[in-house]
Protein chains: 2
Amino acid sequence: MAISGVLNRLSSTLPTLANSEARIARWILENPRQLVDLTVKDLAHITGSSQAAVIRLCKSIQVSGYQGLKVSVVADIAREERPTGSRFLEIDPNTPLSSSIQSLKRHTIMGINRTLNDMRESDIDRMVQHLKQARWIVAYGIGASAVVVKDFQQKLWRLGLPVFCTEDFHIMATIVGQLTKDDIFMAVSYSGETAEVLELTQLAHKRGAFVTVLTRFDRKNPLARLADLPIYIYAYEASPRIGASSSLISSLTAMSALLFALANTFAESAQAKLSDTLDAVRSHRVTLPSSDTPDGEI
Amino acid sequence: MAISGVLNRLSSTLPTLANSEARIARWILENPRQLVDLTVKDLAHITGSSQAAVIRLCKSIQVSGYQGLKVSVVADIAREERPTGSRFLEIDPNTPLSSSIQSLKRHTIMGINRTLNDMRESDIDRMVQHLKQARWIVAYGIGASAVVVKDFQQKLWRLGLPVFCTEDFHIMATIVGQLTKDDIFMAVSYSGETAEVLELTQLAHKRGAFVTVLTRFDRKNPLARLADLPIYIYAYEASPRIGASSSLISSLTAMSALLFALANTFAESAQAKLSDTLDAVRSHRVTLPSSDTPDGEI
DNA sequence: AATAAGCTGAAATAAAAATTCATGCGAAGT
DNA sequence: ACTTCGCATGAATTTTTATTTCAGCTTATT
């Protein structure tokens, strides 16, 4: 937590970086340990670029500056987490199933790790504050992201928070058009490029609501640019990635972390509320309350 | 000296340090995390000493300079951040957030591992055969499990398979009442005790449909008993487990594995179908097809 | 062909780190 | 009691490092 995840960011931003910056990023990914002893000038020289390019790279991956980069890379190394394996899962009938499933597992776990490592405690706190104080919490995502939103809604309801969501664009537009600065709008879209989501996020922004988004890290990600507080999701999957749900799972995990922090802040009453809602649900269970079934899941 | 053990060095050198340096060392030992954002001047000011003193301290503990100090401290912190924590996630305001999140991560990953490790290849194959041959695939889950079902549906649709699902019990009852031995009924319920799900699963079973369930492993699990082919989900979470989505994520992962295997069996046409559906979705993207955005996610 | 958009590194500026050095203080020697 | 020495200290300076600016250049766009 706290300071970290820069290697993730480097590799996920790599494709959209300008040449000079990409060259530097690649070098760092290959020789992260050596970075510690280099100055901006050294690094520029080694990678055959300029000091300006190094600084631009720092901005691109959104760290505070060259020192910030160094410090983050060191933290990443110290945590020693560099996963192995190929970047993408591919559909290939010749791959034996068991090894496909192994990759599936590895990729999913990698996504979870990176997503959680990249979340800043201060961001989580800010988010929690806003969630608690919001007059309305409005969440929007369509397609696969709708699943994430739905889960979010269910969990906030359990805590008694005023959250609203629907996949219906028109209904949502009506709602978003009425948002004020006392409300939160949360957009979910891994690509950050879904037209409907962008449109409503823009509207929410214009209305002055606090805008938060769950999306992939990319400097050019248009959705992230609209956010007061973006939360970045890391996922690894096949190009035509049927089956794999890495981005979905990473998103759910990020939400979990948020909700967990939220529940922490009003632990006493949270316990009570949860008991209430669970009791309500339990009456639809077949077995008795004495069952050893873990609560809260259906 | 590489990167390491500087906090130790600081405390062991402390007794022999000059006053001004000792004051700085003590401050660092007390607030190591804050050091990251400070310059020499800042630190000198905070500790009421001078820049020269800070530099002297660096020399005293034999690091290369102020940047070296910073980097080493960060590495130390990062290393200490190793996950800790108990078997269960609890809502407890006293647990520091970062360690809660470490547990969250560990628990989630544990669930994924166990779930995937427990899946038998022969079961997956059988499942895939049935999915391909089914006249209708009907999936049912409510509450949190509805999220899983919805994801399943979206993915099967992309492959052009005839899947139907709704959370509405009555509609679902109407459908299930018409199932035949040529259909698949898939029930999702982590507890295996949800009344609605059990009732419809019973009905599907009676109608002779092939019944498969996603549920937790338990000898007495009533849902599992009704299944022709049960798939077991493993999850680890706190008792009142707001926030954590371990069972949800494990379920999604199991589904992923199934779908992945399924897509593998008709790789050629799967590729084509996927391209078609992705093209359809892409027209709602803001950017052009040349975008580097990974496909298939919204 | 004209224009815009955006990379790029050289050079200038700003900021930070490291050194130098005059000062002061206390202990040891006379 | 007074000098001398050793060394701790921070103000001021120098050196190094990071960051910004900008003009030229490439590459798409119309």
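Residue numbers begin at 1 in each chain, while the letters A, B, ... track the order of the sequences.
A distance-only check finds no donor-acceptor pair linking the side chain of D182(A) to the backbone of A134(A) [under 3.5 Å]. Remark: the backbone N or O of W27(B) is paired with a side-chain donor or acceptor of N31(B) at under 3.5 angstrom.
A straight line from NE2 of H45(B) to C1' of dG10(D) spans 14 Å, rounded to a whole angstrom.
Remark: S49(B) engages T47(B) in a side-chain hydrogen bond (donor to acceptor under 3.5 Å, both in side chains) (not counting sequence neighbours). Evaluation of the side-chain hydrogen bond (donor to acceptor under 3.5 Å, both in side chains) rule for R126(A) yields no partner, not counting sequence neighbours. Under the side chain to side chain contact (heavy atoms under 4.5 Å, CB included) criterion, S251(A) pairs with V148(A), L214(A), I233(A), sequence neighbours left out.
Between the side chains of T115(A) and T253(A), no donor-acceptor pair is found at a separation under 3.5 Å. Side chain to side chain, D125(A) and S122(A) fail the donor-acceptor criterion of an N or O pair below 3.5 Å.
Ring planes of F217(A) and Y232(A): perpendicular class, angle over 60° (limits at 30 and 60°).
Taking every heavy atom of residues 25-32 of chain B and every atom of DNA chain C, no pair lies under 4.0 Å.
Chain A approaches DNA chain C over the interval dC7(C) to dA10(C), counting the first and last nucleotide 5' to 3' with an atom under 4.0 Å from its heavy atoms.
With respect to D218(A) and R216(A), a salt bridge is recorded, a charged nitrogen being found less than 4.0 Å from a carboxylate O. A salt bridge links D151(B) with K155(B): the distance from a Lys NZ or Arg NE/NH1/NH2 to an Asp or Glu carboxylate oxygen falls below 4.0 Å.
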Mind listing the N/O atom pairs, protein and nucleotides 18-21 of chain D, below 3.5 Å?
from, atom 1, to, atom 2, distance (Å)
dA18(D), OP1, Q67(A), NE2, 2.8
dA18(D), OP2, V40(A), N, 2.5
dT19(D), OP2, Y66(A), N, 2.9
dT19(D), O4, Q51(A), NE2, 3.1
dT20(D), OP2, K59(A), NZ, 2.4

